Participant: 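There's a structure below that I have some questions on.
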Amino acid sequence: MRMDIATVNALPYEDFVNIFGNVVEKCPIVTAAVWSARPFLNFAALEGAIRDFIDALPESGKEGILRCHPDLAGRDLQSGTLTQESREEQAGAGMDALSSAEASSMTRLNADYKARFGFPFVVCARMSDKANILRQLAERCKNERAVERARGIEEVKKICHLRLLGLVLTDAPNKL
Ligand code: 2AL
């Protein structure tokens with residue numbers, strides 16, 4: 001059940017990190033840091049504190065956040081070791097139901113991308129679909145490193161937004 005912001009603000013630290021620790025994939029340090037910014041006025045303030053923390057990181061820290069993300073249709077999906085959030089997002093975009101040709105394209109392009117930039121391709125899967133993800137992956141491989149670093153971080157923020165919407169009530173009715 002989604003909680004209201006007063007309930008969020010009343011959570012002990014351990015509960016806060018248990019509940020929100022994966023709004024940025026495998027980066028509970030973000031949640032732990034944002035704890036200091038309580039109380040949050042509303043959903044937007046909580047989200048804004050997370051965004052501000054990410055934006056204040058040096059470029060190496062932003063790349064670190066990108067590196068915490070599992071590949072789309074990658075080894076973790078195959079071996080069942082994705083986080084629950086990531087599993088649902090990837091399944092929603094059809095990443096668990098690729099044809100063998102699509103799967104080998106994804107593997108090759110993900111590897112090309114990582115070799116070029118040193119961090120994985122990240123996209124908000126819930127705002128996309130299989131065809132679009134494959135197209136974006138091929139296109140974004142051609143960008144400059146700094147462009148892709150910034151683009152990946154924007155995608156992390158979209159993923160975070162949707163994960164937060166699943167946990168916290170907004171002032172306006174939640175659209176999900
Ligand atoms: C992911 C993921 O796990 N969920 C999502 O929306 N995107 N990973 C990725 N490499 O883009």
Side-chain angles (χ1 to χ4, degrees), residues 2 17-31 34 43 46-47 50-51 53-55 57 59-168 170 174-176:
R2 290 175 200 146
V17 172
N18 279 337
I19 293 167
F20 295 102
N22 209 46
V23 293
V24 177
E25 178 75 12
K26 296 205 175 132
C27 294
I29 188 176
V30 177
T31 312
V34 156
F43 177 97
L46 169 60
E47 182 176 22
I50 294 169
R51 287 167 166 264
F53 178 83
I54 293 173
D55 288 340
L57 289 172
E59 302 309 332
S60 59
K62 291 176 184 156
E63 292 187 6
I65 285 186
L66 296 175
R67 288 190 194 109
C68 288
H69 285 69
D71 281 347
L72 290 166
R75 203 180 319 164
D76 284 322
L77 188 149
Q78 258 93 59
S79 59
T81 50
L82 288 173
T83 62
Q84 184 189 332
E85 294 90 337
S86 180
R87 184 171 65 248
E88 290 171 5
E89 290 156 1
Q90 296 209 27
M95 292 292 109
D96 59 347
L98 297 178
S99 70
S100 61
E102 289 164 342
S104 53
S105 283
M106 281 296 297
T107 302
R108 182 175 49 80
L109 289 165
N110 271 329
D112 288 352
Y113 185 100
K114 222 178 279 183
R116 177 164 160 85
F117 300 117
F119 48 81
F121 172 75
V122 175
V123 70
C124 177
R126 284 165 78 188
M127 292 183 183
S128 198
D129 59 26
K130 190 166 71 175
N132 195 265
I133 286 172
L134 272 161
R135 199 174 328 115
Q136 279 196 58
L137 181 45
E139 277 301 310
R140 284 174 48 187
C141 274
K142 301 174 196 157
N143 283 339
E144 292 300 320
R145 182 184 168 88
V147 170
E148 269 314 297
R149 192 198 293 122
R151 178 61 196 274
I153 288 296
E154 286 312 306
E155 297 295 321
V156 168
K157 290 174 183 171
K158 291 181 200 167
I159 296 168
C160 175
H161 177 75
L162 293 180
R163 289 184 181 184
L164 276 175
L165 276 182
L167 295 169
V168 183
T170 53
N174 266 348
K175 275 183 274 164
L176 246 191

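Remember, it's a predicted structure, so these values are computed and weren't measured experimentally. Indexing begins at 1, ligand by ligand and atom by atom, following the structure's order.
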Participant: Show the protein residues that qualify under the rule heavy atom under 4.0 Å from an atom of ligand 1, listing them in chain and number order.
Facilitator: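 Contacts of ligand 1 under 4.0 Å: Pro70, Leu72, Ser86, Glu89, Gln90, Phe121, Val122, Val123, Cys124, Ala125, Ile159.
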Participant: Dump the intermediate steps for salt bridge (charged side-chain N to carboxylate O under 4.0 Å, His left out) on Glu47 and Arg51, then the final yes or no.
Facilitator: CA-CA 6 Å; Glu47 182 176 22; Arg51 287 167 166 264; 3.7 Å; yes
Participant: For the pair Arg145 and Glu59, find out whether any cationic side-chain nitrogen is under 4.0 Å from an anionic carboxylate oxygen.
Facilitator: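 A salt bridge is absent here (no side-chain N lies under 4.0 Å from a carboxylate O).
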Participant: For Leu66 versus Pro120, what's the shortest heavy-atom pair and its separation?
Facilitator: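 So the two residues come closest at O-CG, 3.1 Å.
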Participant: I'd like to know if Glu154 pairs up with Lys157 as an ion pair, taking the criterion as any Lys NZ or Arg NE/NH1/NH2 lying under 4.0 Å from an Asp or Glu carboxylate oxygen.
Facilitator: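 Yes, Glu154 and Lys157 are salt-bridged.
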Participant: Can Lys158 and Glu155 be counted as an ion pair, charged N to O under 4.0 angstrom?
Facilitator: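 Here Lys158 pairs with Glu155 in a salt bridge, since their nearest N and O are under 4.0 Å apart.
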Participant: Sub-3.5 Å donor-acceptor pair from the side chain of Gln90 to the main-chain atoms of Ala73, do we have one?
Facilitator: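 Pair found, side chain donor or acceptor close to backbone of Ala73.
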